[in-house]
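Residue numbers begin at 1 in each chain, while the letters A, B, ... track the order of the sequences. Just so it is clear, the structure is predicted and the values come from calculations on it, not from any experiment.
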Protein chains: 2
Amino acid sequence: MAIDPRSHTPVYVQLADTLREQIEAGELAPGSALPSEARLTQEYGIGREAVRMSISLLRSEGLVTTVRGHGSYIRETPQRRQVEVPPGASVIARMPSGGERRSMQLDEGVPILEVRDPKGNVEVLPGDEVELTRPLSGRA
Amino acid sequence: MAIDPRSHTPVYVQLADTLREQIEAGELAPGSALPSEARLTQEYGIGREAVRMSISLLRSEGLVTTVRGHGSYIRETPQRRQVEVPPGASVIARMPSGGERRSMQLDEGVPILEVRDPKGNVEVLPGDEVELTRPLSGRA
DNA sequence: GTACATTTGTGCGTATGTATG
DNA sequence: TCATACATACGCACAAATGTA
């Protein structure tokens, strides 16, 4: 898909959409590198700022990670371990604060799951590694 | 907190931390506007790029939203409605794709919850409006 | 309607630092 | 050592959106 500078949607959103499509279509395989900033700048005839913002957007969606001095790579989602939601518990999803992200060593664009059990204990789980489950039979 | 350009932590991270503190402390109330880019540039004696990256960071954390030609605003989190996790279901948290984000009208930095019931039906819920629950008694 | 100020979006130039190969 | 590539940071300029007079 070509980029239209006169479109109402910002150029960097258009490029992010294009790259996202390619990633989801498998044209850009997990683990492989995105084209470099300079490459994308030339390829689509847009500014470096727009390219950087596109990649930043994809990072915030958890689709790519960027390695400084090396490039940006399509993220491979790790196996999710199953975690049971305790009876009487509640769960919310939210993005981590900067401190949480650093201490939990989360990539950008990875949400967290906050599980609060009836006693008020809160467990914070990395959203990309966890699948919550509720078993059919309601035993703890 | 003042910004130290010689610090090892990037200027834009320092500013984001400062603004985050002010937001979490309530000095910047939900619904109110952040200072403009120009204002922050002067206020903290840093460049516009650093200011914009700070705000971009806060957006990706779901703390603020930006309206072109208007400004950036502290997000007000809506009341979370309670949604019960069906017996036998599994839940994952992830960031929405661009299309999902637009069709569900989600702000940046808002994760989604994907609930898959035993029959394979998938429900996609906005992470900022939902609190998942598992009742104490295991009835559906 | 017009005009204007404000604010964010985009593009470009430059520079330094850091990491990899 | 050298080239490449990204990260950070500053500057300037203009475009586009918004709101108000």
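Put simply, CD1 on I55(B) is 16 Å from C1' on dA9(D), counting in whole angstrom units. Following rounding to the nearest Å, L40(B) (CG) and dT8(C) (C1') show an atom-to-atom distance of 13 Å. When rounded to the nearest whole Å, the span between CD of E37(B) and C1' of dA16(D) equals 14 Å. The OH-C1' distance, from Y44(A) to dG11(C), rounds to 19 Å in whole Å. Rounding to whole angstrom units, CD1 of residue I3(B) and P of dC10(D) are separated by 10 Å. Summarising the geometry, the separation between OH on Y73(B) and P on dA17(D) is reported as 17 Å, rounded to the nearest angstrom. Atom CD in Q42(B) sits roughly 12 Å away from atom P in dT6(C) (whole-Å rounding). Taking atom CG of residue L15(B) and atom C1' of nucleotide dC10(D), one finds them 15 Å apart after rounding to whole Å.
A donor-acceptor contact shorter than 3.5 Å links the side chain of S7(B) to the backbone of T9(B). R134(A) places a side-chain N or O within donor-acceptor distance of the main-chain N or O of V85(B), the cut-off being under 3.5 Å. Under the 3.5 Å distance criterion, the side-chain polar atoms of E129(A) are left unmatched by any main-chain donor or acceptor of P126(A).
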Seminar exercise, completed: B/S/- along nucleotides 16-21 of chain C (protein heavy atoms under 4.0 Å) is -BSBSS
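Within residues 47-54 of chain A, the residues approaching DNA chain D are R48(A), R52(A), by heavy-atom distance under 4.0 Å.
For the residue pair T66(A)/S72(A), the side-chain donor-acceptor check at 3.5 Å is satisfied.
Checking R102(A), R59(A), R75(A) one by one against E108(A), the salt bridge (charged side-chain N to carboxylate O under 4.0 Å, His left out) holds for a single residue, R59(A). Considering R81(A), R80(A), Q82(A) in turn, Q82(A) is the only one that fulfils the side chain to side chain donor-acceptor pair (under 3.5 Å) rule with E131(A).
Within a 6.0 Å radius of CD in Q105(A), no more than 12 heavy atoms belonging to other residues, nucleotides or ligands are found.
Neither OP1 nor OP2 of dA9(D) sits under 4.0 Å from any side-chain N or O of Y12(B).
Remark: R20(B) engages E61(B) in a salt bridge, criterion side-chain N to carboxylate O under 4.0 Å.
Scanning for side chain to side chain donor-acceptor pair (under 3.5 Å) contacts around R52(A) gives E37(A), with sequence neighbours left out.
Mapping R59(B) and I46(A) onto DNA chain C by nearest heavy atom places R59(B) closer to the 5' end of the strand.
Nucleic acid contact class of T66(B) (heavy atoms, under 4.0 Å, all strands): sugar-phosphate only.
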